[in-house]
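Here is the structure we will look at.
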Amino acid sequence: MSQDDHFCSLEHLKFDNRFTRDLPADPWAANARRQVQKSCYSRVKPTPVPGPRLVVHSREVAELLGMTGEMVASVDFAQVFAGNKVLPVMDPFAMCYGGHQFGQWAGQLGDGRAINLGELVNPEGQRWTLQLKGAGPTPYSRTADGLAVLRSSVREFLCSEAMHHLGVPTTRALSLCLTGDKVMRDMFYNGNPQAEPGAVVCRVAQSFLRFGNFEIFSSRNDLETLGKLVEFTICNDFPHLGEPTPATIARWFHEICERTATMVVHWMRVGFVHGVMNTDNMSILGLTIDYGPYGWVEDYNPSWTPNTTDASGRRYCYGNQPRIALWNLAQLGNALIPLGGEVEPFQKGIEAFSASYALGRETMLGQKLGISTFQSNDVALAEELFSLFGMAETDMTLFFRALARLDTQTETTPAGIKELIGEAFYSIDELKGELLTKWADWVFRYQARLKGDGLPDGIRRERMNAVNPKFVLRNYLAQEAIDLAEQGDFSLIRELLEVLRLPYDEQAGRERFAQKRPDWARHRAGCSMLSCSS
Ligand code: AMP
Ligand code: MG
């Protein structure tokens with residue numbers, strides 16, 4: 001092998017497939033839909049596709065994996081990451097998991113359209129599981145086809161990278177490939193299926209284990225397999241906790257509760273709504289996982305959900321996310337208790353979620369408002385702000401960037417306030433009369449609070465702009481990129497990926513990506529309404 005060859009070929013990546021080596025496998029080799037018992041996974045190969053084509057990749061993820069530019073540019077790259085070629089070092093498999101969906105136990109679900117290629121070990125010795133989403137059916141595909149369409153793959157690819165750059169714990173995305181196949185989808189479940197371009201995203205995470213991977217064995221009273229998976233997870237992903245005894249399992253649960261709280265605080269900070277917080281979509285590492293009918297709050301509204309499937313119950317709306325995370329953690333706790341532990345430490349874990357979330361939220365609100373030491377009566381100031389948001393459609397993202405520009409030394413007037421925050425209002429005409437008086441009152445008190453805090457304006461502004469993004473993957477921007485991509489133009493996907501790499505920077509010349517939702521997008525499918533069809 002020449003030196004050049006070493007840098008060019010994917011064949012030289014190092015893999016160490018612990019999951020398939022150490023955990024019980026489904027003994028049946030056929031790729032047929034079935035209930036899989038006493039096994040953590042089934043070996044299954046991606047389905048070959050007719051026209052693999054790389055659309056876009058994330059250079060940060062390629063670097064993280066130790067992939068060179070030559071590797072990404074190689075013909076093999078699209079072959080491997082669209083599912084046509086399995087490298088000899090890979091050991092592809094689909095995981096068995098269950099889940100509570102919309103509050104009900106749903107039984108076995110599993111990787112119905114995700115195929116893990118194996119665990120890559122990068123030059124630093126870090127382990128990363130690579131997973132293809134949309135690479136064909138598995139034993140867990142139930143009645144579906146195992147495929148994914150371009151629109152949902154663009155959304156997953158862009159959003160996972162955007163979330164990472166925002167500092168939100170998330171699975172990553174290496175690549176987005178077209179398959180050359182068409183996939184039938186009934187986007188609105190209204191009897192109008194259309195042929196859409198098929199695509200595959202390669203996702204990357206230290207582990208793709210979900211709450212549902214543990215729940216499934218507990219639901220079947222298969223404590224032996226549950227114990228093996230718990231031991232594997234603690235040893236590999238939580239080694240700092242020590243030997244997996246019942247006490248360790250309780251501490252592990254405690255840590256999952258805290259990590260989940262941290263993740264949800266971030267979601268609330270940036271205005272992200274996951275949309276389908278079923279327990280099969282909750283990562284054991286506290287990562288945002290499974291970008292389906294997610295959305296970004298535009299006008300601030302706690303009861304907003306992008307998911308049309310959830311429109312009536314609004315179980316997974318923006319404001320419910322902390323409560324649902326807690327409910328999901330309780331299901332995970334119930335699944336783990338049979339491993340011989342006491343109930344009480346698990347109860348403490350649940351309490352730790354609430355405490356962590358409350359503290360995390362206060363810190364986050366203080367940071368968003370630029371207050372250096374958040375005090376108990378600042379909670380009221382923040383809550384009043386949220387109630388003002390509810391009185392006229394106000395864009396949360398634009399608002400906090402505008403607020404950072406406030407000058408504490410200049411006395412504010414109603415006209416000055418309108419000038420400062422006006423751009424955050426969907427209808428500026430609403431900002432008058434009683435509402436403007438209320439805003440003036442709030443800004444006056446906020447200004448007084450900032451003066452008391454004593455932080456120089458420049459420093460406060462910098463701190464606020466480091467937690468209040470200017471650029472998020474606004475629902476309509478993703479849709480614009482999809483509309484173009486469906487016509488074969490991928491330029492906006494690439495441009496958005498670039499913009500979203502630096503979400504807190506001003507990025508002069510890129511203001512068009514920091515505009516509130518235009519009117520055309522208000523009721524347009526894909527912008528404010530999404531179904532699970534993907
Ligand atoms: P989700 O609502 O996307 O989290 O999916 C719930 C379950 O349905 C998971 O087990 C998925 O793997 C499975 N699933 C979703 N879409 C498909 C599909 N097109 N083909 C096979 N399985 C799917
Ligand atoms: Mg899912």
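Atom set for the values below is all heavy atoms of this structure, side chains included, hydrogens, waters and symmetry mates excluded. Read the numbers this way: they start at 1 and go in the same order the structure lists the ligands and their atoms.
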query: So, for Ala82 and Pro52, which heavy atoms are closest and what is the spacing to 0.1 Å?
result: CB-CB, 3.6 Å
- request: Would you please name every residue forming a side-chain contact (heavy atoms from CB on, under 4.5 Å) with Leu64, sequence neighbours left out?
  value: Gln126, Trp128, Arg172
- line: Sorted by chain and residue number, the residues having a heavy atom closer than 4.0 Å to an atom of ligand 1 are Tyr97, Gln101, Leu109, Gly110, Asp111, Gly112, Arg113, Ser141, Arg142, Ala144, Asp145, Gly146, Leu147, Arg185, Asp280, Asn281, Asp290
query: Can His254 and Arg251 be counted as having a side-chain donor-acceptor contact under 3.5 angstrom?
result: no
Protein N/O/S atoms closer than 2.8 Å to the Mg ion (ligand 2): Asn281 OD1, Asp290 OD2
message: Please confirm whether the ring centroid of Phe232 lies under 6.0 Å from the ring centroid of Phe19.
response: yes
- prompt: Is the distance between the ring centroids of Phe102 and Tyr316 under 6.0 Å?
  reply: yes
task: Using a strict 4.0 Å threshold on nitrogen-to-oxygen distance, state whether Arg185 and Asp145 make a salt bridge.
output: yes
- prompt: So, is the end of the Arg155 side chain (NZ or CZ) under 6.0 Å from the ring centre of Tyr294 and within 45° of the ring's axis?
  reply: yes
field: Identified salt bridge (charged side-chain N to carboxylate O under 4.0 Å, His left out) counterpart of Asp395 within the set Arg474, Arg517, Lys516
entry: Arg474
Residue list, salt bridge (charged side-chain N to carboxylate O under 4.0 Å, His left out) with Arg127, at least two apart or on another chain: Asp16, Glu119
